Amino acid sequence: MHDVAVIEDPAAAEASLDPMRSRLLAELVEPNSATTLAARVGLARQKVNYHLRTLEKHGLVELVEERRKGNVTERVMRATAASFVISPAALAAVQPDPGRSPDRLSAGWLLAVAARLVRDLGELVTGAVKARKRVATFGIDGEVRFASAADRAAFAEELTSFVTALVGRYHDEGAEGGRPHRLVVAVHPSVGSARSASPAQGGAPAGMEG
């Protein structure tokens, strides 16, 4: 079982978004049979088997073993990953494109960049799994609390200057055998702080500006 699998096929994405099938995927982090699952989710075993066949068809669950019980063969299934991410490639015709509106201060543009990141990483991870190799990646995830909007703007300018200088130092357009890497740096309000804002306080929620 993989830690994370990326769903790129539209039919597989549709299958995974069904509430009951999503529940079954969660239950199948550990191997289980249709009989056991039926008792857990409150469905008839035949219905569970139907959903499992659909998930198996799209590669979201896999057969672990078959157990013979009298005249019945019980199939024990397991999800192919502990968690799943649906790639924007599943909606190829309408997936976000950062090139349409390259405004680095726009939340819509940042969302499009994030979507591209999910799509590209999904493709890399899928290929790496098939080749039984690892993908060379690096990420930083942290939080900074700004005292004011002015401080946030100054931080953005300083970060831009620093990253630009760093890229200039290491970027080698003519390096023989070199491989391009995409760099994404994002700053956005923490969702937790936005959710904790009290409506009674009035005004826009934390992380939002009028």
Side-chain angles (χ1 to χ4, degrees), residues 1-29 37 41 43 47-63 77-143 156 163 179-195 204-205 207-209:
M1 174 188 284
H2 305 295
D3 291 333
V4 181
V6 182
I7 299 174
E8 297 176 313
D9 177 60
E14 182 180 4
S16 69
L17 289 172
D18 177 90
M20 180 51 65
R21 291 171 191 161
S22 179
R23 168 80 185 278
L24 291 173
L25 284 174
E27 295 285 349
L28 286 172
V29 170
L37 291 169
V41 303
L43 277 185
K47 279 281 189 180
V48 170
N49 269 324
Y50 167 74
H51 288 306
L52 290 179
R53 284 194 297 270
T54 301
L55 292 171
E56 185 179 17
K57 173 184 175 183
H58 295 295
L60 303 177
V61 302
E62 60 188 357
L63 179 66
M77 310 296 293
R78 178 181 63 186
T80 53
S83 57
F84 294 88
V85 174
I86 297 178
S87 169
L91 296 171
V94 292
Q95 63 180 307
D97 178 7
R100 291 186 190 136
S101 181
D103 176 7
R104 64 190 179 95
L105 296 180
S106 163
W109 178 79
L110 183 57
L111 187 60
V113 170
R116 183 181 62 191
L117 179 64
V118 171
R119 184 199 66 199
D120 291 353
L121 273 178
E123 185 176 332
L124 289 168
V125 168
T126 299
V129 168
K130 292 178 180 177
R132 296 185 178 181
K133 294 182 178 180
R134 296 186 64 180
V135 182
T137 61
F138 170 75
I140 296 177
D141 180 26
E143 185 171 304
V163 172
R179 181 177 181 181
H181 285 66
R182 182 170 294 282
L183 172 68
V184 175
V185 179
V187 178
H188 63 82
S190 297
V191 175
S193 62
R195 287 175 177 166
M208 310 291 286
E209 296 181 352

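Remember, predicted model here, so these are calculated numbers, not experimental data.
- Taking both residues in full, the closest heavy atoms of Val4 and Ala81 are given as C-CB, 4.1 Å, listed atom of the first, atom of the second, then distance.
- When all heavy atoms are compared, the tightest approach of Ala186 to Leu110 is CB-CD1, 3.7 Å.
- Contact check for Leu28 versus Leu37: side-chain heavy atoms found under the 4.5 Å cut-off.
- In this structure the side chain of Pro96 never reaches within 4.5 angstrom of the side chain of Leu111, judged on heavy atoms.
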Q: Please test Glu123 against Arg119 for salt bridge (Lys or Arg N to Asp or Glu O under 4.0 Å), starting from the C-alpha separation and ending with a verdict.
A: CA-CA 6 Å; Glu123 185 176 332; Arg119 184 199 66 199; 5.6 Å; no

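- Here Ile7 contributes atom CD1 and Phe84 contributes atom CZ; the two are 6.0 Å apart, rounded to the nearest 0.5 Å.
- Atom CD of Gln95 has more than 12 neighbouring heavy atoms from other residues, nucleotides or ligands inside a 6.0 Å radius.
- The number of heavy-atom neighbours closer than 6.0 Å to CZ of Arg182, taken from other residues, nucleotides and ligands shown, is 12 or below.
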(Q) Leu121 vs Thr137, test: side-chain contact (heavy atoms from CB on, under 4.5 Å). Steps then yes/no. (A) CA-CA 9 Å; Leu121 273 178; Thr137 61; 4.0 Å; yes

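- In this structure the side chain of Leu17 reaches within 4.5 angstrom of the side chain of Ile86, judged on heavy atoms.
- For the atom pair CD (Glu14) and CG (Asp9), the distance works out to 10.0 Å, reported to the nearest 0.5 Å.
- Heavy-atom neighbours of Asp103 CG from other residues, nucleotides or ligands within 6.0 Å: above the threshold of 12.
- Looking at every heavy atom in both residues, Val6 comes nearest to Ser87 through CG1-CB, 3.6 Å.
- Remark: Thr126 OG1 to His2 NE2 distance equals 9.0 Å, nearest 0.5 Å.
- Rounded to the nearest 0.5 Å, atoms CD (Glu27) and CE (Met77) are 15.0 Å apart.
- A donor-acceptor pair is defined here as one N or O able to donate and one able to accept, closer than 3.5 Å; such a pair exists between the side chain of Thr80 and the backbone of Gly59.
- Between His51 and Leu43, the closest side-chain pair of non-hydrogen atoms falls below 4.5 Å.
- Side-chain contact between Leu24 and Val61 is absent, with no heavy atoms from C-beta onward closer than 4.5 Å.
- Judged by distance alone, with hydrogens and angles left aside, the side-chain atoms of Ser16 form no donor-acceptor pair with the main-chain N or O of Arg21 at under 3.5 Å.
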